[in-house]
Amino acid sequence: MAQQPISLPAKLINGGVAGMVGVTCVFPIDLAKTRLQNQRSNERVYKNMMDCLIKTVRSEGYFGMYRGAAVNLTLVTPEKAIKLAANDFFRHQLSRGESKLNVFKEMLAGCGAGVCQVIITTPMEMLKIQLQDAGRLVAQRNLAVVPSPTGGGGTMLSCSYIRPVSAMQITQELLRTRGIQGLYQGLGATLMRDIPFSVVYFPLFSHLNQLGKPSETENAPFYWSFASGCAAGCTAAVAVSPCDVVKTRLQSLNKSSNEEIYSGVVDCVRKIIHKEGPSALMKGAGCRALVIAPLFGIAQVVYFIGVGEFILGQNPFNLYSA
């Protein structure tokens with residue numbers, strides 16, 4: 001693969017299609033992840049992912065699970081395109097004169113891809129988190145204990161009004177009050193998450209996918225690429241979950257009166273461990289694995305099938321030879 005010429009337009013199409021399909025499928029789980037990561041141990045609104053999704057539907061309606069999806073769908077095309085195309089580009093550059101990349105060069109290519117993608121990822125995540133977390137803050141303020149139908153006590157979320165705020169309004173407010181750096185709040189934590197993720201994901205995917213190739217001259221079938229993308233994505237996602245928790249906390253602008261304000265990455269880690277324990281750094285890890293696994297599985301299927309190449313008339317569309 002490293003010796004094939006790179007078609008940037010095809011890679012951009014592949015990344016865009018993969019990102020939009022993947023985000024549409026897993027966005028409700030991503031919303032649950034954000035809310036679970038942001039809630040404090042002493043102010044629990046949600047017990048787990050399913051409890052979060054059920055309470056979200058009850059209090060905000062079905063489309064409440066897709067709060068913030070619009071900004072993700074808009075920016076995921078360039079984000080995924082940059083990530084996949086950058087990795088492909090760096091692999092191509094590092095493989096000159098070599099038939100196969102060693103693990104160190106594969107990790108180096110992944111590192112380069114992780115650095116490149118934060119140009120889009122940081123503002124995208126910044127806006128998405130504000131929209132996703134709005135419902136949790138309202139639910140936390142309106143949490144009440146009411147008698148259950150069986151006569152015991154039970155926790156119930158009262159229906160409350162969430163003031164509609166768009167990604168454009170948040171962007172304008174950030175630019176007005178903080179300038180362009182406002183959109184890049186949490187950049188350091190994003191780099192801490194995305195660089196190690198790419199360093200783990202891309203080499204692992206490459207080696208897993210290699211196992212499914214019938215021969216050196218043939219590519220793995222689409223179902224093997226999907227399984228390899230899921231396995232590599234799940235592993236990398238869990239590995240960097242503490243960084244994702246820190247990033248989410250730092251990028252959350254709106255907080256309840258009892259929630260801490262963090263001055264930076266080190267301060268955030270210190271306060272989380274001190275007040276909530278080390279296990280708090282793994283909040284939402286299961287949700288993140290469920291989001292990333294199919295997201296990157298779909299991405300690699302689209303990428304290796306060559307949907308972009310097919311659209312541009314460069315390659316035939318073939319599920320079994322891709």
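One is the number of the first residue; the rest follow in order along the sequence. Keep in mind it's a predicted model, so treat the numbers as computed, not measured.
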Verify, without hydrogens or angle tests, whether Gln130 (side chain) and Met126 (backbone) share a donor-acceptor contact under 3.5 angstrom. yes

Indicate yes or no for a side-chain donor-acceptor contact from Arg40 to the backbone of Asn38 under 3.5 Å, with no hydrogens or angles considered. yes

Is a side-chain N or O of Lys105 found less than 3.5 angstrom from the main chain of Phe90, in a donor-acceptor match? no

Between Phe197 and Phe296, what is the ring plane arrangement, given parallel below 30°, perpendicular above 60°, and tilted in between? tilted

According to side chain to side chain contact (heavy atoms under 4.5 Å, CB included), who are the partners of Met192, at least two apart in sequence or on a separate chain? Cys243, Val265

Residues Lys83, Asp194: salt bridge by 4.0 Å N-O rule: no

Please indicate whether Ile261 has more than 12 foreign heavy atoms, meaning atoms of other residues, nucleotides or ligands, lying under 6.0 Å from its CD1. no

Heavy-atom pair with the smallest gap, counting every atom of Tyr66 and Thr24: OH-O, 3.4 Å

Any idea which heavy atoms bring Lys33 and Asp244 closest together, and the distance? NZ-OD2, 2.9 Å

Tell me yes or no: between the side chains of Glu218 and Ser215, is some donor less than 3.5 Å from an acceptor? yes

For Ile29, what residues pass the side chain to side chain contact (heavy atoms under 4.5 Å, CB included) criterion, not counting sequence neighbours? Met49, Cys287, Leu290, Val291

At their closest point, which heavy atom of Ala289 faces which heavy atom of Cys234, and how far apart are they? CB-SG, 3.7 Å

Mind running side-chain contact (heavy atoms from CB on, under 4.5 Å) on Leu191 and Thr122 for me, showing each step along the way? CA-CA 9 Å; Leu191 285 167; Thr122 306; over 6 Å; no

Ile180: partners by side chain to side chain contact (heavy atoms under 4.5 Å, CB included), with sequence neighbours left out: Leu175, Leu183, Tyr184

Whether Tyr201 and Phe205 hold their rings parallel, tilted or perpendicular, with breakpoints at 30° and 60°: parallel

Could you check whether Glu276 pairs with Lys283 (Lys NZ or Arg NE/NH1/NH2 to Asp/Glu carboxylate O, under 4.0 Å)? yes

Taking every non-hydrogen atom, the tightest pair across Gln132 and Phe27: NE2-CZ, 3.2 Å

Quick check: are there more than 12 heavy atoms from other residues, nucleotides or ligands sitting under 6.0 Å from CG of Asn254? no

Mind checking what makes salt bridge (charged side-chain N to carboxylate O under 4.0 Å, His left out) contact with Lys47, not counting sequence neighbours? none

Looking at every heavy atom in both Ile298 and Cys25, which two are closest together, and how far apart are they? CD1-SG, 4.5 Å

Before you tell me yes or no, could you show the steps for His207 and Val103 under side-chain contact (heavy atoms from CB on, under 4.5 Å), namely the whole-Å CA-CA distance, both residues' side-chain angles and the distance that decides it to 0.1 Å? CA-CA 9 Å; His207 285 272; Val103 175; 3.8 Å; yes

Please determine if Glu259 and Arg249 form a salt bridge, counting it only when a charged side-chain N lies under 4.0 Å from a carboxylate O. no

Closest non-hydrogen atoms of Arg288 and Ser241, given as atom of the first, atom of the second and distance, are CD-OG, 4.1 Å

Under the side chain to side chain contact (heavy atoms under 4.5 Å, CB included) test, residues paired with Leu204 that sit two or more places apart: Leu208, Ala232, Thr235

Under 4.0 Å between a Lys/Arg side-chain N and an Asp/Glu carboxylate O for Glu260 and Arg270? no

With ILVMFWY side chains joined below 4.5 Å, transitively, what does Val238's cluster contain besides itself? Met282

